[in-house]
Structure formats: C-alpha cells, structure tokens
**Student:** 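Can you read through this structure? Questions will come right after.
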Amino acid sequence: MRTYYIAGNWKMHMTIPEARSLAKELAGELKGCRHKIMIAPPFTALAAVAEICKKSGILLGAQNMCTEESGAHTGEISVLMLKDLGVDVVILGHSERRHVYGEKDSDINKKVLLALKHGLDVILCVGETLEEREAGKALEISRNQLISGLAGVSEKAMKSVTIAYEPVWAIGTGKTATPEDANEVHADIRACLKDLYSESLAASVTIQYGGSVKPSNARGLMEMEHLDGALVGGASLKAETFVPIALFDA
Ligand code: 13P
C-alpha cells in the first residue's frame, strides 16, 4: 500500500521571514495529516524552516543540487551542504532545470546517484513538452528520462526514490492533465519500473503528479490508480491553497 505524498515546490519565491511564517502555518494546520508532506523552499530559506519542519514531521526538500560533492563550482550547492542543513529530500530533473537551464539527463543521473550515496531521498521529475505530446511522444519521453535518470540505481536504493510526472505544458499554465491522461503516463512509468527492476518494486514506488494542481482538482487526480501524490508549485505558496490539497481525503 503506497502512502500519499504531497510536496510543495516553492521555486524562487519567499524571503526568509515569509518562508518561516508559511512553514509555521503549515506545521500548525497539517498536524495529524495522514499523508507524507514535504516543502521545498529556496536554498536561502532552508535553514530558517529546518527546525520547524523537524518538529512538525514535514520533510524538508531542496530544489536542486550540484553534480559534484565539492570543489571549484562557483554558485553551486553541494549535497553535503544540504545534509548540513538537515535537508531530507532533493527534487532533481525539474523541467525548469531541464528546459530553462539546459540540464542533461546525464547531469541529472549524476545528481541522483550522488544524493542517494549521501542518504538523501530523491524526487526525480520527468515529463514531456506540448510539442512532444502533440507528436505522440508523451510516454516515450517520460520513459527515456526515467531510464537515464535511474541508470546505476539499485533496486534497494529505489526505496529512497519518488518519481514525479510533470507534463511541461501543465506547469504554471492552469492547464492540468486530465486524471485519465495523467494516469496513462503514470501506469507506463510503473510498467517501465517493472521492466527495469521488478513487479514488487514497481508496485511500491510513489509516483506524484505535478502541473497546476489545486484544491479543486487534487482529489480527482489522486483518485486515479497510479497517482500517489502531488508536486505542487503555485498552490503551495499559500496555506489556504496547499492545506486543502495536503488534507484531501482519498
Ligand atoms: P504549478 O503547480 O505551479 O503548475 O507547478 C508545478 C511544478 O512545477 C511543481 O514542481
């Protein structure tokens, strides 16, 4: 039985006081929540919300990290620095990293392996652009990103990996994939995990959906067989929109 996993990706929003205040509000309102919850503030606010997360049981996430452990990488953040701050999980391969900052599958795979080596959990994001969907390549793109991102990851290490299917055309656009469309890709991701690992592993992996998730559509999405949670952007920036998503009743 998979546990629902609702994560908030704050992207490049929130000053330190704003982040602290939202984290406190969420900690209060999500007390006793049955689902697994994570928030990923910007790097600058990780330290400020770490203690609040620890006390409340909300997992602390980072939005990215460097491919290397240390060295001459001006402006980068290392896995060791994230560990220092008490980070539990790192989002890797987000479409904004892939398409705006040109991250390649090989970079993402390096990061996945490094994060797992150091005991961080990983949310690996995959998903197609509108052009790719219209060309009938939605399943192929997600499969390829999945296979490349997980190269060298053992079945045992997969316990620490969550997959997030985020169709690029649905991110920040207000367009959500229909529950059926999302479920089709999620089912294919699970089938791919079965090919790569085993049936039992595939059945145990949490697959989140991301792309314009809001209180009004969360339940319909989560009811689908292969949707096990959400990676929420815009709606995670306010307690009044994130809390109802996090508390949805299956
Ligand atoms: P939105 O919920 O704003 O569409 O963002 C989704 C996302 O990119 C989460 O990582």
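The figures that follow rest on heavy atoms only: side chains count, while hydrogens, waters and symmetry mates do not. Atoms within a ligand are numbered from 1 in the order they appear, just like the ligands themselves.
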**Student:** Of Gln63, Lys11, Lys175, Glu96, which has the heavy atom at the shortest distance from atom 8 (O) of ligand 1?
**Tutor:**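 The residue whose heavy atom sits nearest atom 8 (O) of ligand 1 is Lys11.
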**Student:** Are Leu146 and Tyr209 in one and the same hydrophobic cluster, where Ile, Leu, Val, Met, Phe, Trp and Tyr link if side-chain heavy atoms are under 4.5 Å apart?
**Tutor:**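 Same cluster: Leu146 reaches Tyr209 through Ile, Leu, Val, Met, Phe, Trp or Tyr contacts under 4.5 Å.
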**Student:** Ignoring hydrogens and geometry beyond distance, is a side-chain donor-acceptor pair present between His94 and Gln63 at under 3.5 Å?
**Tutor:**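 Checked: His94/Gln63 side chains show no N/O donor-acceptor pair below 3.5 Å.
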**Student:** For Gly211, counting its heavy atoms only, list the atoms of ligand 1 lying under 4.0 Å from any of them.
**Tutor:**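 Those atoms are 4 (O), 6 (C).
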**Student:** Just to confirm my output: which protein heavy-atom neighbour is closest to atom 3 (O) of ligand 1, and how far is it?
**Tutor:**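 Among all protein heavy atoms, the one nearest atom 3 (O) of ligand 1 is Gly234 N, 2.8 Å.
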**Student:** Keeping to residues at least two apart or across chains, list the salt bridge (charged side-chain N to carboxylate O under 4.0 Å, His left out) pairs with something in residues 46-68.
**Tutor:**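 Qualifying pairs: Glu68-Lys110.
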**Student:** Report the nearest protein non-hydrogen atom to atom 2 (O) of ligand 1: residue, atom name, distance rounded to 0.1 Å.
**Tutor:**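 Ranked first by proximity to atom 2 (O) of ligand 1 is Gly233 N, 2.9 Å.
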**Student:** Less than 4.0 Å is my threshold; does some heavy atom of Ala170 fall inside it relative to ligand 1?
**Tutor:**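 Yes.
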**Student:** Have Trp169 and Glu131 got a donor and an acceptor in their side chains that come within less than 3.5 Å?
**Tutor:**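 Judged by distance alone, the side chains do not pair up.
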**Student:** At less than 4.0 angstrom from any non-hydrogen atom of Ser212, what atoms of ligand 1 do you find?
**Tutor:**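 Answer, ordered by atom number: 1 (P), 2 (O), 4 (O).
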**Student:** Is it true that the side chains of Gln208 and Tyr4 contain a donor and an acceptor less than 3.5 Å apart?
**Tutor:**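 On atom types as modelled, these side chains do not qualify, holding no pair under 3.5 Å.
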**Student:** So which bit of Asn9 gets within less than 4.0 Å of ligand 1, heavy atoms only: side chain, backbone, both or neither?
**Tutor:**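 The answer is the side chain.
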**Student:** For ligand 1, which atoms sit closer than 4.0 Å to a heavy atom of Glu166?
**Tutor:**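 This gives 6 (C), 7 (C), 8 (O), 9 (C), 10 (O) as the contact atoms.
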**Student:** Who pairs with Asp121 by salt bridge (Lys or Arg N to Asp or Glu O under 4.0 Å), at least two apart in sequence or on another chain?
**Tutor:**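 Residues passing salt bridge (Lys or Arg N to Asp or Glu O under 4.0 Å) with Asp121: none at all.
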**Student:** Under 3.5 Å between any N/O of Gly172 and any N/O of ligand 1: does that happen in this structure?
**Tutor:**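 Between Gly172 and ligand 1 (N or O atoms, distance only) the closest approach is under 3.5 Å.
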**Student:** If we only consider heavy atoms of Lys214, is any one of them less than 4.0 Å away from an atom in ligand 1?
**Tutor:**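 No, Lys214 has no heavy atom closer than 4.0 Å to ligand 1.
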**Student:** Between Val122 and Ile39, is there shared hydrophobic-cluster membership here, with clusters defined by ILVMFWY side-chain heavy atoms closer than 4.5 Å?
**Tutor:**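 Both belong to a single hydrophobic cluster.
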